[in-house]
Number of protein chains: 2
Amino acid sequence: MAGDFRRAHRSAPVADGMEKPEGGEASPDIGTRLRELRKMHGLSQRELAKRAGVTNGTISLIEQNRISPSIGSLKKVLDGFPMSIADFLTLDLKPRSRVFYEAKELREIAGGDVSFRLVGRDTRGRAIQMMHERYTPGADTGDEMLSHAGEECGIVISGVLELTVGGEVRRLVAGDAYYFDSRLPHRFRNPGTIDCVIVSACTPPSF
Amino acid sequence: MAGDFRRAHRSAPVADGMEKPEGGEASPDIGTRLRELRKMHGLSQRELAKRAGVTNGTISLIEQNRISPSIGSLKKVLDGFPMSIADFLTLDLKPRSRVFYEAKELREIAGGDVSFRLVGRDTRGRAIQMMHERYTPGADTGDEMLSHAGEECGIVISGVLELTVGGEVRRLVAGDAYYFDSRLPHRFRNPGTIDCVIVSACTPPSF
DNA sequence: CGGAAGCGTTTAGTATTCTAGACAAATGGC
DNA sequence: GCCATTTGTCTAGAATACTAAACGCTTCCG
């Protein structure tokens with residue numbers, strides 16, 4: 001009988017009513033999603049709480065799935081990144097198929113006098129726009145961690161590039177490249193003593 | 001810190017923290033969305049509440065934006081349709097310009113022996129293109145075997161249809177149907193002595 | 001070794017959501 | 001008309017989310 005069941009005492013996971021998306025969606029729970037996203041942005045619970053206008057305790061409880069936040073609260077929390085609830089729920093945390101490519105992995109498209117070397121193994125379903133960028137020593141895009149819909153990639157031409165994507169940091173040198181979902185927080189920095197030149201590409205619907 | 005601000009008394013709209021989606025998304029509030037979606041499904045508050053496992057009062061309060069439902073509650077409510085939260089938030093509620101079309105309103109696309117009458121005036125933004133087709137005796141789409149990406153299907157309403165798909169020929173009579181990949185070469189012909197009428201659909205729209 | 005600062009967690013108390021039930025208005029037989 | 005049903009709304013109380021403040025832990029300096 002369903003009679004008088006009692007909710008578990010405090011301290012028990014609530015996780016209730018969220019666990020069977022019916023479809024084989026297999027997406028992580030809200031708490032785990034939030035925690036991973038927060039760490040990708042390199043924020044502590046308190047930092048995020050301050051930005052969002054909630055208390056750190058709330059962040060903690062949500063991340064543990066001890067409470068099911070209200071739409072309003074979740075919106076406030078996500079505004080700290082910022083990110084919409086829909087993007088939050090549909091963002092793909094796991095696959096991250098491939099982010100970094102070594103120089104030798106770039107595929108040569110055109111040969112001879114002109115050399116076009118393709119970033120990524122498969123361009124299908126990728127609509128990209130390229131740019132040429134130069135970073136002076138110490139230059140930094142800041143830890144603002146801009147996030148816009150789309151994808152972006154690039155190749156380091158000369159110098160050294162320190163690239164942070166979703167909490168993962170990597171030093172790239174001439175010939176190395178990157179490719180990631182622009183919604184993941186990212187940061188470019190030139191940690192070297194000479195200019196860093198890269199060719200990058202991104203996809204807003206700008207062309 | 002925001003010191004001691006007080007939430008509005010009961011009975012005042014809460015609508016808090018949800019009103020600036022930052023992007024020019026201009027999406028309706030949660031309550032209005034839910035109400036419209038519910039009515040689109042032809043459900044009363046109580047019916048939906050019963051399906052969702054919540055009370056009708058909750059539905060009412062949410063639709064009036066008097067409360068900001070928890071993720072768990074909203075999920076339960078949407079399960080009554082069913083629909084995911086992400087889909088719910090991104091759903092386009094803009095007035096579908098037209099829903100119903102009278103027979104005379106179907107736009108004639110082809111003339112002569114073959115008549116194609118399109119459901120809806122504009123296929124842009126629609127995933128499916130449906131047509132009411134009529135073939136006079138002997139009418140034939142020709143053996144050019146056009147092929148376009150997508151899929152198409154249909155049901156024979158009256159008369160006889162000789163359908164050729166990828167080299168396979170078949171005679172279909174009223175009630176019979178077909179479904180094939182549009183990339184396969186195909187041909188329609190009326191081998192009978194009376195008109196052949198069919199209703200077809202294909203995706204994506206090719207005109 | 002302090003001890004100050006930062007971290008995530010937990011707790012007591014308050015604010016909010018949610019339920020159960022009642023209410024008035026609208027609808028549909030008969 | 002009149003009763004029965006259905007509708008959306010509202011209210012008191014139970015259940016839950018959220019805040020403010022504390023706790024234990026680690027790290028980093030002097």
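Proteins come first, then strands; the chains are lettered A, B, ... in the order of their sequence lines, and each starts at number 1. Computed from a prediction, not measured in an experiment: that's the story for all the values here.
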Can you name the atoms? Protein N/O to nucleotides 3-10 of chain D N/O, anything below 3.5 Å, with the distance.
{"from": "D:dT7", "atom 1": "OP1", "to": "B:Ser44", "atom 2": "OG", "distance (Å)": "3.4"}
{"from": "D:dG8", "atom 1": "OP1", "to": "B:Arg38", "atom 2": "NH1", "distance (Å)": "3.0"}
{"from": "D:dG8", "atom 1": "OP2", "to": "B:Gln45", "atom 2": "N", "distance (Å)": "2.9"}
{"from": "D:dG8", "atom 1": "N7", "to": "B:Arg46", "atom 2": "NH2", "distance (Å)": "2.7"}
{"from": "D:dG8", "atom 1": "O6", "to": "B:Arg46", "atom 2": "NH2", "distance (Å)": "2.3"}
{"from": "D:dT9", "atom 1": "OP2", "to": "B:Arg35", "atom 2": "NH2", "distance (Å)": "3.0"}
{"from": "D:dT9", "atom 1": "OP2", "to": "B:Gln45", "atom 2": "NE2", "distance (Å)": "3.0"}
{"from": "D:dT9", "atom 1": "OP2", "to": "B:Ser60", "atom 2": "OG", "distance (Å)": "3.1"}
{"from": "D:dT9", "atom 1": "O4", "to": "B:Asn56", "atom 2": "ND2", "distance (Å)": "2.9"}
{"from": "D:dC10", "atom 1": "OP2", "to": "B:Gln64", "atom 2": "NE2", "distance (Å)": "2.9"}
{"from": "D:dC10", "atom 1": "OP2", "to": "B:Arg66", "atom 2": "NH1", "distance (Å)": "3.0"}

Can you pull every protein N or O that's under 3.5 Å from an N or O on nucleotides 26-29 of chain D?
none

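Without hydrogens or angle criteria, A:Asn190 side chain to A:Thr136 main chain gives a donor-acceptor distance under 3.5 Å. Judged by distance alone, with hydrogens and angles left aside, the side-chain atoms of B:Ser70 form no donor-acceptor pair with the main-chain N or O of A:Ser70 at under 3.5 Å. In this structure, B:Arg51 contributes its side chain and B:Gly80 its backbone to a donor-acceptor pair below 3.5 Å.
Per the geometry, CD1 belonging to A:Ile59 stands 13 Å off P belonging to C:dC7, to the nearest Å. Between A:Asn65 atom CG and C:dT9 atom C1' the separation is 15 Å, expressed in whole Å. Here C:dT17 presents its P atom at 13 Å from CG of B:Leu74, a figure rounded to the nearest Å. Protein atom CD1 of A:Ile67 is 18 Å distant from nucleotide atom P of D:dA15, rounded to whole Å. Going from atom CG of B:Leu48 over to atom P of C:dT19 covers 12 Å, rounded to whole Å.
Salt-bridge formation is not detected for the pair A:Asp29/A:Arg33: no Lys NZ or Arg NE/NH1/NH2 atom is positioned less than 4.0 Å from an Asp or Glu carboxylate oxygen. Salt bridge status for A:Glu47 with A:Arg38: absent, with no side-chain N to carboxylate O gap under 4.0 Å.
In this pair, B:Phe116 and B:Tyr135 present their aromatic rings perpendicular. The plane angle is above 60°, beyond the 30 to 60° band.
For D:dT16, neither phosphate oxygen OP1 nor OP2 lies less than 4.0 angstrom from any side-chain nitrogen or oxygen of A:Ser68.
Neither side chain, B:Thr32 nor B:Glu36, offers a donor N or O lying under 3.5 Å from an acceptor on the other.
Within a 6.0 Å radius of CZ in B:Arg35, more than 12 heavy atoms belonging to other residues, nucleotides or ligands are found.
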